[in-house]
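The block underneath contains the structure these notes are about, expressed in structure tokens.
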Amino acid sequence: MNDEIEPILIGNTDDLEVGSVENFEFEEVNYAIYRLDSGFFATQGSCNCDESALLSEANIEGEELECASCNNTYSIVSGDATSNPELPGIKIYDIFEEDDQIFLNI
């Protein structure tokens with residue numbers, strides 16, 4: 001988290017259904033915003049694979065995502081690669097709820 005940048009309002013908590021992921025763009029950078037049974041999460045917007053596939057197009061199963069292009073899987077919570085621990089993980093970001101709104105810290 002960067003203490004010099006104010007949290008970014010993403011939207012209302014009811015804008016995202018449980019088990020879904022949406023792309024969110026801020027200052028020309030894509031982020032993937034997830035709503036899981038365990039809460040809201042945010043990661044980098046594109047996979048590390050050669051295709052740089054948007055993670056908003058990933059398949060979500062529990063707390064893991066599977067890239068639609070390379071089929072590698074990652075933990076949405078930790079960012080760790082789960083299909084191959086030798087792969088670099090994906091970056092995660094701090095996200096929080098306040099007054100039925102979702103905020104992202106970058």
Side-chain angles (χ1 to χ4, degrees):
M1 177 177 90
N2 186 336
D3 292 331
E4 297 176 15
I5 298 176
E6 290 291 317
I8 302 157
L9 174 63
I10 294 173
N12 295 319
T13 55
D14 58 0
D15 291 342
L16 238 70
E17 294 183 25
V18 173
S20 67
V21 56
E22 294 289 331
N23 188 63
F24 178 77
E25 185 177 327
F26 180 74
E27 295 185 350
E28 299 182 20
V29 176
N30 286 312
Y31 301 89
I33 309 300
Y34 309 84
R35 183 171 188 179
L36 307 178
D37 288 330
S38 53
F40 291 93
F41 298 88
T43 68
Q44 66 191 51
S46 298
C47 185
N48 297 327
C49 65
D50 291 338
E51 294 82 12
S52 296
L54 288 176
L55 294 179
S56 59
E57 297 174 3
N59 298 314
I60 307 299
E61 176 114 9
E63 293 185 342
E64 288 189 345
L65 66 88
E66 178 182 32
C67 174
S69 290
C70 67
N71 297 325
N72 288 325
T73 58
Y74 299 89
S75 167
I76 296 168
V77 178
S78 70
D80 295 333
T82 55
S83 56
N84 181 351
E86 293 183 19
L87 289 174
I90 56 173
K91 184 171 175 107
I92 59 170
Y93 294 91
D94 183 40
I95 191 169
F96 65 95
E97 299 173 63
E98 186 175 291
D99 298 326
D100 294 327
Q101 294 182 314
I102 310 164
F103 293 89
L104 174 67
N105 284 316
I106 55 172

*asked:* Would the distance check show the side chain of R35 and the main-chain N or O of T13 forming a donor-acceptor pair, the cut-off being under 3.5 Å?
replied: yes
*asked:* Please give me the minimum heavy-atom distance between S69 and C49, naming the atom from each residue.
replied: CB-SG, 4.3 Å
*Of the options L65, I90, L55, I92, which is the one that meets I76 in a side-chain contact (heavy atoms from CB on, under 4.5 Å)?*
L65
*Any idea which heavy atoms bring P88 and Y74 closest together, and the distance?*
O-CE2, 3.5 Å
*Is there side-chain contact between L87 and N48, with at least one heavy-atom pair below 4.5 Å?*
no
*To the nearest 0.5 Å, how far apart are SG in C47 and CD in E66?*
10.5 Å
*Can you tell me if CG on D99 sees more than 12 non-hydrogen neighbours from other groups inside 6.0 Å?*
no
*Indicate if L104 and F26 have the same hydrophobic cluster label, given that clusters are the connected sets of ILVMFWY residues with side-chain heavy-atom separations under 4.5 angstrom.*
yes
*Verify the distance criterion only: is there a donor paired with an acceptor across the side chains of S75 and T82 at less than 3.5 Å?*
no
*asked:* Return the CD to OG distance between E25 and S56, rounded to the nearest 0.5 Å.
replied: 11.0 Å
_Separation between CG of N71 and OG of S83, rounded to the nearest 0.5 Å_ = 9.0 Å
*So if you build clusters from Ile, Leu, Val, Met, Phe, Trp, Tyr with side-chain heavy-atom gaps below 4.5 Å, do L9 and I102 land together?*
no
*Hey, what do you get for CD (E22) to CG (L16), rounding to the nearest 0.5 Å?*
5.5 Å
*CG-CZ distance between D94 and F96, expressed to the nearest 0.5 angstrom*: 7.0 Å
_With side-chain contact (heavy atoms from CB on, under 4.5 Å) as the test, pick out the partner of I95 among N105, T43, I10, I8._
I10
*Once the angle between the rings of Y93 and Y31 is folded into 0 to 90°, is it parallel (under 30°), tilted (30 to 60°) or perpendicular (over 60°)?*
perpendicular
*Can you tell if the side chain of D37 reaches within under 4.5 Å of the side chain of V18, non-hydrogen atoms only?*
yes
*Going from OG on S20 to CG on D15, what distance comes out if it is rounded to the nearest 0.5 angstrom?*
10.0 Å
*Could you tell me whether E61 atom CD has more than 12 heavy atoms of other residues or ligands within 6.0 Å of it?*
no
*asked:* If you count heavy atoms of other groups shown closer than 6.0 angstrom to CD of E17, is the number above 12?
replied: no
